[in-house]
There are 2 protein chains.
Amino acid sequence: MQTSDLKKAGLKATLPRMKILNFLESSRVRHMSAEEVYKAMLEAGEDVGLATIYRVLTQFETAGLVTRHHFEEGHSVFELNLGEHHDHIVCVKCGHIEEFFDPTIEERQHKIAEEKGFDMTDHALYIYGICAQCKKEA
Amino acid sequence: MQTSDLKKAGLKATLPRMKILNFLESSRVRHMSAEEVYKAMLEAGEDVGLATIYRVLTQFETAGLVTRHHFEEGHSVFELNLGEHHDHIVCVKCGHIEEFFDPTIEERQHKIAEEKGFDMTDHALYIYGICAQCKKEA
DNA sequence: AAACGGAATGAGAATTTTTCGCATCTTGAG
DNA sequence: CTCAAGATGCGAAAAATTCTCATTCCGTTT
């Protein structure tokens, strides 16, 4: 990451913002709550206040750097945007998440929004189920 | 509604549960938060505790009488099940909700779950946008 | 129809998640 | 280097939801 990435997004390049963006880019976990980001960063020795994590993640979302998801857990989950849009299939047993992209569905969604007279701004598709691993273990 | 509806769902037919089911069936608003149900029932003279509303709506969800949605507002929204599955397109300006059903999307979803090795238990598709009315007003 | 046991309710306390207020500190412009 | 605007940190405050536990209700058994 670079300070220029933040500036391009219209955000001042402050230390906490750099640290958070940095952390998201280096994290192998792609979907995290604000709390999880906070704790993981603490463990990594980066002490950024929880309120700041919330504020910055919301700014990142507005700037399009990050996507906020509302899974079924009662809190927001954030994911760094890596360019390509995709949807999610979530295991209701173990929380395992896989991503997919389906052009047919995308196209139908646009058509539906159009038919209903909406200007689509966003969309979210979540498939819930039991993953292969959990099926085996059951 | 009948006490038998609750019994069929495996729930004891208590007065609060009857009142809530009754209320949902008679409400013209189809998507409501627990808080909204609570307040609307109060105004209608039905005093059921908020904690009970939460408990009962969760039980109804488990029993399949009701569906819980996670829109972008940070709280759960409940909808009485009327048989046919459908998805939602939500106006991000005024909160207006329309429902739709698209067989092509449904089919693709099943196929995707299968490909990924999941047993699909549920799925949720939300399209967000600006509705025709709000576009006019802007 | 009276009695009983287990489950359900109500009210408020407690949790959890997220936002706010404000004093202090940084960033970026000049 | 200086300064103002904006950002951060911390704790308080909100908002959403769950929990605790004493009391009440439901359905079954006498």
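The sequence lines fix the lettering, A, B, ..., with proteins before strands; numbering per chain opens at 1.
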When you check the side-chain N and O atoms of B:E79 and B:H86, is any donor under 3.5 Å from an acceptor? yes
So, OP1 or OP2 of D:dA7: does either fall under 4.0 Å of a side-chain N or O from A:T52? no
Sequence neighbours left out, what passes side chain to side chain donor-acceptor pair (under 3.5 Å) with B:E72? Give chain and number order. none
Between B:E115 and B:K111, is there a salt bridge with N-O shorter than 4.0 Å? no
D:dT18 C1' sits how many Å from B:H75 NE2, rounded? 17 Å
One would report the end-axis bend of the helix from C:dA1-D:dT30 to C:dG30-D:dC1, five pairs per end and rounded to 10 degrees, as 30°
Residues in side chain to side chain donor-acceptor pair (under 3.5 Å) contact with A:E114, at least two apart in sequence or another chain: none
Transitive ILVMFWY cluster of B:F71, excluding itself - 4.5 Å side-chain cut-off: B:V77, B:V90, B:V92, B:I97, B:Y126, B:Y128, B:I130
B:R68 CZ to D:dA16 P: how many Å, rounded? 14 Å
Any sub-3.5 Å donor-acceptor pair from A:S27's side-chain atoms to A:F23's backbone N or O? no
Would you please name every residue forming a side chain to side chain donor-acceptor pair (under 3.5 Å) with B:D119, sequence neighbours left out? A:K135
Between A:E137 and A:K93, is there a salt bridge with N-O shorter than 4.0 Å? no
Full working for side-chain hydrogen bond (donor to acceptor under 3.5 Å, both in side chains) between A:H85 and A:E106: CA-CA 10 Å; A:H85 162 77; A:E106 298 294 322; 3.0 Å; yes
With a 4.0 angstrom cut-off to heavy atoms of chain B, pull out the first and last contacting nucleotide of DNA chain C, in 5'-to-3' order. C:dG6 to C:dG12
Looking at DNA chain C, which of residues 31-49 of chain B put a heavy atom within less than 4.0 Å of it? B:D47, B:V48, B:G49
In the hydrophobic clustering (ILVMFWY, side-chain contacts below 4.5 Å, transitive), which residues join B:I89, or is it alone? A:I89, A:F100, A:I105, A:I112, A:F118, A:M120, A:L125, A:I127, B:F100, B:I105, B:I112, B:F118, B:M120, B:L125, B:I127
Might you confirm whether atom NE2 of A:H110 has over 12 heavy atoms from other residues, nucleotides or ligands at distances under 6.0 Å? no
Sorted by number, residues from residues 54-64 of chain A placing a heavy atom under 4.0 Å from DNA chain C are A:Y54, A:R55
With no hydrogens and no angle check, do the side chains of A:E73 and B:H70 hold a donor and an acceptor under 3.5 Å apart? no
Using every non-hydrogen atom in the two residues, find where A:L11 and A:A63 come nearest and quote the distance to one decimal. CD1-CB, 4.3 Å
Residues passing the side chain to side chain donor-acceptor pair (under 3.5 Å) test with A:D102, sequence neighbours excluded, are B:R108
Could I get a table of every N or O pair under 3.5 Å where one atom is in the protein and the other is in nucleotides 23-30 of chain D?
residue	atom	partner	partner atom	Å
D:dG27	OP1	B:A13	N	3.4

Which residue pairs satisfy the side-chain hydrogen bond (donor to acceptor under 3.5 Å, both in side chains) criterion with at least one member in residues 54-68 of chain A, sequence neighbours excluded? A:R17-A:Q59, A:T52-A:R55, A:T58-A:R68, A:E61-A:R68, A:T67-A:N81, A:R68-A:S76
